[in-house]
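Note that the structure is a prediction, hence the values are computed from the model and not measured. Side chains are part of it too, since the values below use all heavy atoms of this structure and drop only hydrogens, waters and symmetry mates. Counting starts at 1 for both ligands and their atoms, following the listed order.
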Amino acid sequence: MAYEFKIERTASPKAKESLQGSVFGTRFTDHMFILDYDKGQGWHDGRIVPYQPIMLDPAAKVFHYGQTIFEGLKAYLTADGRVLLFRPRSNIKRMNLSNIRMSIPTLDEELFLEALRQLLVVERDWVPSEEGTSLYVRPFVIATQATLGVSPSHQYKFMIILSPVGAYYSEGVNPVSIYVESGYVRAVPGGVGEAKTAGNYAAGLQAQEEATAKGYSQVLWLDGVERKYIEEVGSMNVFFVIGDKVVTPVLNGSILHGITRDSVLQMLKHWGYEVEERQLSMQEVADAHRSGELKEAFGTGTAAVISPIGELYWQEKAMTLNGGRTGELSQRLYDELTGLQRGEKEDPFGWTVELKG
Ligand SMILES: *Cc1c(COP(=O)(O)O)cnc(C)c1O
């Protein structure tokens, strides 16, 4: 084995309670992975330790200048007791793209996968078995050097924490209502929109809160220059079924490269759908709605997998999509993708990776 990590086991394992009705990301397992970086030395001292708070100097750069990135993926328990990961290599590749954009040193892909594997072996019993549940994996990097100069940190911590999560939809897939945001923007060309970095989310909170106050569950972001072209929804990519085509905004530098987005595109092509990745204006969507060509729309992301859109609010008008119900294609994609992730359906794409050891 190329990577040997020290393992310190907890003396007080937590009780594993039912995830029924649990809120996303509020529970954590017994252990976590930590790896340090020092300039001149590189990444070193990978270890698995009991889940616990970490101590940082108040001057640590992450607190002041936001030099940090994160990832998100899920591990699933199959009916026959295997643990499956969904496209983990895509996450480490994307993490390194985020690292490069934020001037953070990259991580070796094999090291990342081995750290994840060894942590999951220790925490295997934490992968929940209840219907619709999974173990959410949150890798992240923070800049820890304690200096206030605005420059890339000389020290970092890479960590992986694990959170057992309940079924996203407790009563079947449910459509969400979306507020199309024409004032605030999420990202601009040349900015950090395609990096999974903390600032993007902090910058979106105000719009999200205002949309919530108006009764909408998510914000749809338009492009940061003209506020005309569709970018993404909350922390999901977005698809529209217009006539017999499925259209999603092209990755233009300010949109996050969703792994669910890529999986949906590949799946749709495999099924023979005509898919278009292109610039798509909100006006075109509104026109398609008026003419009856807009059949359905949905968001894609690791947490919800597929999130059908029941209503879009734009320029003082509400548009109801597909009668506010889950569309046929949204449902099919949800069933196929979650079925494949749980090992219940065949995986012609080779996306699922079984945990070994
Ligand atoms: C993580 C994320 C997505 C979805 O990516 P997945 O890999 O499908 O989970 C989409 N948009 C934003 C802004 C994200 O942070």
Contact check: Tyr201 vs ligand 1, nitrogen or oxygen atoms, below 3.5 angstrom: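 So ligand 1 has an N or O lying under 3.5 Å from an N or O of Tyr201.
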Ligand 1 to Ile259 polar contact by distance, N or O atoms, under 3.5 Å: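 Looking only at distances, the answer is yes, because the N/O contact criterion of under 3.5 Å is met.
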Residue-level breakdown please: for [X] versus ligand 1, do any non-hydrogen atoms fall below 4.0 Å on the side chain, on the backbone, on both, or on neither?
| X | answer |
| --- | --- |
| Arg186 | side chain |
| Thr302 | both |
| His257 | neither |

Taking [atom] as the reference point, the nearest protein heavy atom with its distance:
| atom | answer |
| --- | --- |
| atom 8 (O) of ligand 1 | Thr260 OG1, 2.6 Å |
| atom 14 (C) of ligand 1 | Lys196 NZ, 3.0 Å |
| atom 12 (C) of ligand 1 | Glu232 OE1, 3.2 Å |
| atom 4 (C) of ligand 1 | Ser235 O, 3.8 Å |

By number and element, which atoms of ligand 1 are closer than 4.0 Å to a non-hydrogen atom of [X]?
| X | result |
| --- | --- |
| Arg94 | 5 (O), 6 (P), 7 (O) |
| Met236 | 10 (C), 11 (N) |
| Asn237 | 10 (C) |
| Gly258 | 5 (O), 6 (P), 7 (O), 8 (O) |

Tyr156 side, atom OH; Leu35 side, atom CG - distance, nearest 0.5 Å: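 Taking OH in Tyr156 and CG in Leu35, the distance rounds to 13.5 Å.
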Approximate separation, where rounding is to 0.5 Å, of Glu210 CD and Lys214 NZ: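 It comes to 5.5 Å.
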Tyr136-Phe24 aromatic ring centre distance below 6.0 Å: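 Yes, the ring of Tyr136 comes within the 6.0 Å limit of the ring of Phe24, centre to centre.
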Test of ring centre spacing under 6.0 Å for Tyr201 and Phe70: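 For Tyr201 and Phe70, the ring centres are under 6.0 Å apart.
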Per the side-chain hydrogen bond (donor to acceptor under 3.5 Å, both in side chains) rule, which among [options] passes with [X]?
| X | options | answer |
| --- | --- | --- |
| Asp36 | Lys157, His44, Gln41 | Lys157 |
| Gln155 | Thr147, Asp38, Thr144, Asp57 | Asp38 |
| Tyr184 | Arg227, Gln208, Gln206 | Gln206 |

Tyr313 and Tyr179 aromatic ring geometry - parallel, tilted or perpendicular at 30°/60° bounds: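 Aromatic pair Tyr179/Tyr313 classed parallel.
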